[in-house]
> 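I have a structure here, written as structure tokens, and I will follow up with some questions on it.
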Amino acid sequence: MTADQIQVVVAVLQSRWSKSDWLVNGKELPKDRRCTDIPWLIIFMLFCLGMVFICGFAVATGGASRLLTGYDSYGNSCGRNNSKIEGVPLSGRDMSQNKYVFFLDPCNLDLLNRKIKSIALCVSKCPDMELKTYGAVKAFALQNGSDLCSYEITPTRYESHGDRFTKCPKLPVQPSKPLPVFRRCVPMEIGCYAEFFQGFITFVSDNTVLRRVLAGVVTSKEVIIGLCVLALVLSLIMMAVIRYITKLLVYILTCLVIVGSTGGVAVLWWLYADHKKALDNNSTSAIGKEVTSDNVKALLVYAIVATVFTVILLLVIFFMRKRVALTISLFHVAGKVFIHLPMLVLQPFLTFLSLMLFWVYWISVLLFLGTSGTPVKNNSTGFVEYRMEGPLQYTVWYHVVGLIWISEFILAFQQMTTALAVASYYFTRDKSTMTSTPILSAMLQTIRYHLGTIAKGSFIITLVKIPRLILTYISSQLKGKENACARCMLKACICCLWCLEKCLAYLNQNAYTATAIKSTNFCTSASEAFILLVENALRVATINTVGDFVLFMGKILIVATTAFSGILALNYQREYTVWVLPLLIVCVFAFLVAHCFLSVYENVVDVLFLCFAVDCKYRDGSPGKEYFMDKSLMEFVENNRKGGLNKERGDEKEMKLMTRGGTLA
């Protein structure tokens with residue numbers, strides 16, 4: 001495609017936005033919106049129907065009931081009358097009275113396949129006492145009517161049967177109790193599950209230390225809860241005051257960068273001069289002279305590279321100093337947004353709750369699928385397994401794609417809701433006329449008009465994420481088996497896909513903002529957002545670097561304050577000999593809460609920037625084309641305009657002097 005063709009495409013895209021544009025006419029954000037990307041909404045709904053079909057299939061084929069009630073190694077579902085399975089003599093039994101699943105060796109765990117490698121039986125009662133001999137197992141079976149050996153062995157033959165070591169429970173039989181819902185007999189002594197915690201215990205290397213650490217968590221739970229609440233309060237306070245301290249943080253950052261870079265360069269040149277002087281004075285031995293000579297060369301290279309880097313850095317800071325003012329103004333306006341839209345703070349919690357509910361549903365259906373299908377005898381073990389055969393075996397992969405797509409859809413819904421609410425605030429001149437529930441209105445508008453756009457944007461992320469996850473899985477499976485070249489290529493592909501995913505996610509977020517402003521479809525919005533980002537590339541870079549650093553400093557401040565408070569609180573409890581784990585839990589929670597709140601702040605700043613770019617592009621502040629922006633942003637525009645006028649006047653004056661000088665000559 002030639003440069004002329006590219007200009008034509010850009011002009012067409014811009015004309016789509018300029019025709020009957022409410023921005024040009026001076027109106028506010030239109031209330032009458034139109035539905036966008038309806039075909040993609042239909043595709044997404046059909047996909048969700050497929051997810052529902054998979055769940056219905058798992059329930060209809062007995063997967064759900066077998067997961068809840070359990071089944072034995074011969075294909076009999078516990079708690080019901082069963083049909084005969086061909087080739088399995090012990091199948092087809094009436095287990096109406098035997099409602100619990102009992103494992104002969106519950107501690108024989110297959111960690112790789114995440115299952116118990118033991119014969120499972122349906123019993124009427126879990127052993128509630130320790131049985132040390134087969135005689136005790138026999139007495140328990142005769143007394144309670146609960147056979148603990150395989151069905152072909154009668155209780156009277158438990159002590160003498162030749163297969164009692166393989167088809168009877170491993171001695172001693174630990175006391176167990178059934179799970180409330182899943183009806184599995186679980187040993188009350190968890191010592192046999194120590195293999196799960198072996199790595200952690202080995203890391204700790206001392207069981208007494210482990211007990212003290214866990215005891216510290218249990219006994220300091222009130223302090224942990226109090227510190228978590230403190231982290232929540234600090235996050236809210238930080239969101240309220242960050243717009244006032246942004247300017248200070250930016251100045252501190254700039255000073256630290258300038259002092260650190262110039263100081264580092266000065267030290268390198270000083271070390272170079274000192275080593276050069278020692279070398280010229282021959283004050284070292286022959287061996288030391290060679291070492292000093294190498295050091296002089298290395299220091300010279302380091303000093304030159306550091307000097308070039310510092311000069312470039314200082315030039316960038318000098319030329320981007322005015323754009324830093326835009327970041328400060330945007331943070332100031334973002335603080336006002338949260339004053340008018342306080343419910344924005346709850347958006348991450350609603351998204352987290354939605355994701356949790358969906359993930360619980362997804363995991364439940366996945367477990368249903370694990371026990372669905374037709375019973376098949378495993379010839380190597382002689383036991384029955386339930387497998388899905390034919391096309392139905394690919395339903396698991398369909399289910400995995402649904403996990404990624406719907407999760408991305410839920411995250412995109414939050415982004416679209418935030419964009420609609422913030423854009424409505426930005427393009428409303430009289431803030432008092434806004435609805436009393438702007439977040440709810442934005443959610444309803446998203447549901448009514450823009451679910452198709454969200455479905456399309458989230459599907460694009462899914463298309464990139466799936467191959468990345470597949471390559472990551474392959475890399476983990478081939479670890480230590482592939483050669484260095486293959487490993488390097490695999491890592492490079494994963495890295496490229498990760499970078500592409502992040503770029504698309506950022507573009508998607510801005511496309512949702514463009515859709516919120518203009519109610520256009522995804523492709524048109526993404527094109528316009530991309531053009532605006534390219535036209536304001538330096539501003540975008542400044543906001544993403546300075547703004548992210550300011551928010552990162554806010555997160556560190558919250559975590560540090562919470563940790564310091566935790567140290568003071570736990571220090572008064574002298575009986576806690578080990579309280580490192582409680583403090584670590586508090587710090588992790590504080591960082592997650594701070595990230596949750598301040599990421600919303602970051603999203604609001606990004607939305608405000610795109611609204612500001614659209615406002616500057618289609619309006620010039622003249623009568624009839626007044627800006628929608630806040631006063632702080634207006635001051636930034638006016639300062640830039642004055643700077644531009646002064647530069648033009650200086651250029652005109654210089655041209656006049658040059659012309660006059662030419663005439664005199």
> Evaluate side chain to side chain contact (heavy atoms under 4.5 Å, CB included) for L104 paired with L121, printing each intermediate quantity in order.
CA-CA 8 Å; L104 300 188; L121 302 174; 3.8 Å; yes
> Count the heavy atoms belonging to other residues, nucleotides or ligands that lie under 6.0 Å from OH of Y100, then report whether that count exceeds 12.
no
> If I take atom CG from residue L171 and atom OH from residue Y134, how far apart are they, to the nearest 0.5 angstrom?
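So the gap between those two atoms works out to 4.5 Å.
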> Just jot down the ring pair (Phe, Tyr, Trp, His ring centres under 6.0 Å) partners of H399, sequence neighbours excluded, or say none.
W362
> Within the side chain of N82, is there an N or O that forms a donor-acceptor pair under 3.5 Å with the backbone of S77?
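Yes, N82 side chain to S77 backbone: donor-acceptor pair under 3.5 Å.
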> Counting only heavy atoms not in F53, do more than 12 sit closer than 6.0 Å to its CZ atom?
no
> Hey, are the side chains of I466 and I404 touching, using non-hydrogen atoms and a 4.5 Å cut-off?
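A side-chain contact under 4.5 Å exists here.
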> Identify, with sequence neighbours excluded, every residue that meets ring pair (Phe, Tyr, Trp, His ring centres under 6.0 Å) alongside W405.
F44, F47, F459
> Taking ring pair (Phe, Tyr, Trp, His ring centres under 6.0 Å) as the definition, give me every residue that meets it alongside F349, ordered by chain and number, with sequence neighbours left out.
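Once residues adjacent in sequence are excluded, the partners of F349 under the ring pair (Phe, Tyr, Trp, His ring centres under 6.0 Å) criterion are F597.
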> Please identify each residue that fulfils side chain to side chain contact (heavy atoms under 4.5 Å, CB included) with V559, with sequence neighbours left out.
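Expected list: C587, A590, F591.
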> Give the intermediate values and the outcome of side chain to side chain contact (heavy atoms under 4.5 Å, CB included) for residues R184 and F103.
CA-CA 9 Å; R184 269 73 168 178; F103 297 97; 4.1 Å; yes
> So, taking the atom named SG in C122 and the one named NZ in K99, what distance separates them when rounded to the nearest 0.5 Å?
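Going from the SG atom of C122 to the NZ atom of K99 covers 12.5 Å.
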> Any idea which heavy atoms bring Y398 and L46 closest together, and the distance?
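Residues Y398 and L46, closest heavy atoms: OH-O, 4.2 Å.
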> Does the side chain of S96 pick up a donor-acceptor pair with the side chain of D94 at under 3.5 Å?
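Yes, because at least one side-chain N or O of S96 sits under 3.5 Å from a partner of the opposite role on D94.
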> Ring centroid separation for F368 and F57, is it under 6.0 angstrom?
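Aromatic pair excluded; centres sit 6.0 Å or further apart.
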> Working to the nearest 0.5 Å, report the span between CD1 of I460 and CD of E501.
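Spacing of CD1 (I460) from CD (E501) equals 12.5 Å.
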> If you define the side chain from C-beta out and look only at heavy atoms, does anything of L142 sit under 4.5 Å from K138?
yes
> Side-chain contact, heavy-atom cut-off 4.5 Å: V384 with S73?
no
> Identify the heavy atoms of Y512 and I454 that sit nearest to each other, and give their distance.
OH-O, 3.8 Å
> Are any side-chain N or O atoms of S91 and backbone N or O atoms of I85, one a donor and one an acceptor, separated by less than 3.5 Å?
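A pair under 3.5 Å: yes.
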> Would you check if the side chain of N98 reaches a backbone N or O of C78 as a donor-acceptor pair within less than 3.5 Å?
no
> Please confirm whether the backbone N or O of L598 pairs with a side-chain atom of N603, one donor and one acceptor, at under 3.5 Å?
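Side chain of N603 to backbone of L598, a donor-acceptor pair under 3.5 Å: no, none is there.
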> Taking salt bridge (charged side-chain N to carboxylate O under 4.0 Å, His left out) as the test, write out the residues that go with E130, two or more places apart.
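Salt bridge (charged side-chain N to carboxylate O under 4.0 Å, His left out) check on E130 returns nothing, list empty.
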> Taking all non-hydrogen atoms of both residues into account, name the closest pair between Y74 and S150 and its distance.
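Closest approach of Y74 to S150: OH-OG, 2.9 Å.
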> Please test V396 against L366 for side chain to side chain contact (heavy atoms under 4.5 Å, CB included), starting from the C-alpha separation and ending with a verdict.
CA-CA 7 Å; V396 176; L366 183 66; 4.2 Å; yes
> Nearest 0.5 Å, what's the OG1-CG distance between T417 and L350?
9.5 Å
> Would the distance check show the side chain of D128 and the main-chain N or O of P175 forming a donor-acceptor pair, the cut-off being under 3.5 Å?
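Not confirmed, D128 side chain does not pair with P175 backbone.
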> Applying salt bridge (charged side-chain N to carboxylate O under 4.0 Å, His left out), which residue pairs with at least one partner in residues 399-421 are found, sequence neighbours left out?
E408-K465
> For the NZ atom of K132 and the CD atom of Q174, what is their distance to the nearest 0.5 Å?
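Answer for the NZ-CD pair, K132 versus Q174, is 9.5 Å.
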> For A136, is there any backbone N or O sitting under 3.5 Å from a side-chain donor or acceptor partner on T133?
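Present.
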> What pairs with Y158 under ring pair (Phe, Tyr, Trp, His ring centres under 6.0 Å), at least two apart in sequence or on another chain?
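Ring pair (Phe, Tyr, Trp, His ring centres under 6.0 Å) list for Y158, sorted by chain: empty.
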> Is there side-chain contact between V186 and S176, with heavy atoms separated by less than 4.5 Å?
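In short, these two side chains do not touch, never coming nearer than 4.5 Å.
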> Might you point out which heavy atoms bring Y151 and D72 nearest each other, and give the distance in Å?
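Answer, listing the atom of Y151 first, then D72: OH-OD2, 2.7 Å.
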> Quick one: side chain to side chain contact (heavy atoms under 4.5 Å, CB included) partners of T395, sequence neighbours excluded?
I54, L369, M388, L392
> Do the side chains of P127 and F102 get nearer than 4.5 Å, heavy atoms only?
yes
> Taking side chain as C-beta onward, heavy atoms only, is T36 less than 4.5 Å from F522?
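Heavy-atom side-chain distance check fails, nothing below 4.5 Å.
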> Between the side chain of N508 and the main-chain N/O of A511, is any donor-acceptor distance below 3.5 Å?
no
> Under the disulfide bond (SG atoms under 2.5 Å apart) test, which residues partner C55, sequence neighbours left out?
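Listed in chain order: nothing, the list is empty.
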> Could you tell me which non-hydrogen atom of A231 sits nearest to which non-hydrogen atom of V593, and how far apart they are?
O-CG1, 4.2 Å
> May I ask you to decide if F140's main-chain N or O and N144's side chain share a donor-acceptor pair within less than 3.5 Å?
yes
> Is there a side-chain contact between S407 and I410, using heavy atoms and a 4.5 Å cut-off?
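They are not in contact (no side-chain heavy atoms under 4.5 Å apart), so the answer is no.
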> For M45, what residues pass the side chain to side chain contact (heavy atoms under 4.5 Å, CB included) criterion, not counting sequence neighbours?
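With neighbours one apart ignored, the set is L41.
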> Should L148 and L131 count as side-chain neighbours, where that means a heavy-atom distance under 4.5 Å?
yes
> Show every salt bridge (charged side-chain N to carboxylate O under 4.0 Å, His left out) that has at least one partner inside residues 160-181, sequence neighbours left out.
E152-K167
> Is it the case that atom CZ in F352 sees more than 12 heavy atoms from other parts of the structure closer than 6.0 Å?
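Open.
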> Minimum heavy-atom separation for V123 and C185, please, with both atom names.
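Nearest pair, atom of V123 first, then C185: CG2-SG, 4.3 Å.
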> Distance check, rounded to the nearest 0.5 Å: L500 atom CG versus L504 atom CG?
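Rounded to the nearest 0.5 Å, the CG-CG separation comes out at 4.5 Å.
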> Who passes side chain to side chain contact (heavy atoms under 4.5 Å, CB included) against L234, sequence neighbours left out?
L230, I558, T561, T562
> With side chain to side chain contact (heavy atoms under 4.5 Å, CB included) as the criterion, how do N76 and Y71 come out once you've worked through the C-alpha distance, each side chain's angles and the decisive distance to 0.1 Å?
CA-CA 5 Å; N76 300 301; Y71 59 95; over 6 Å; no
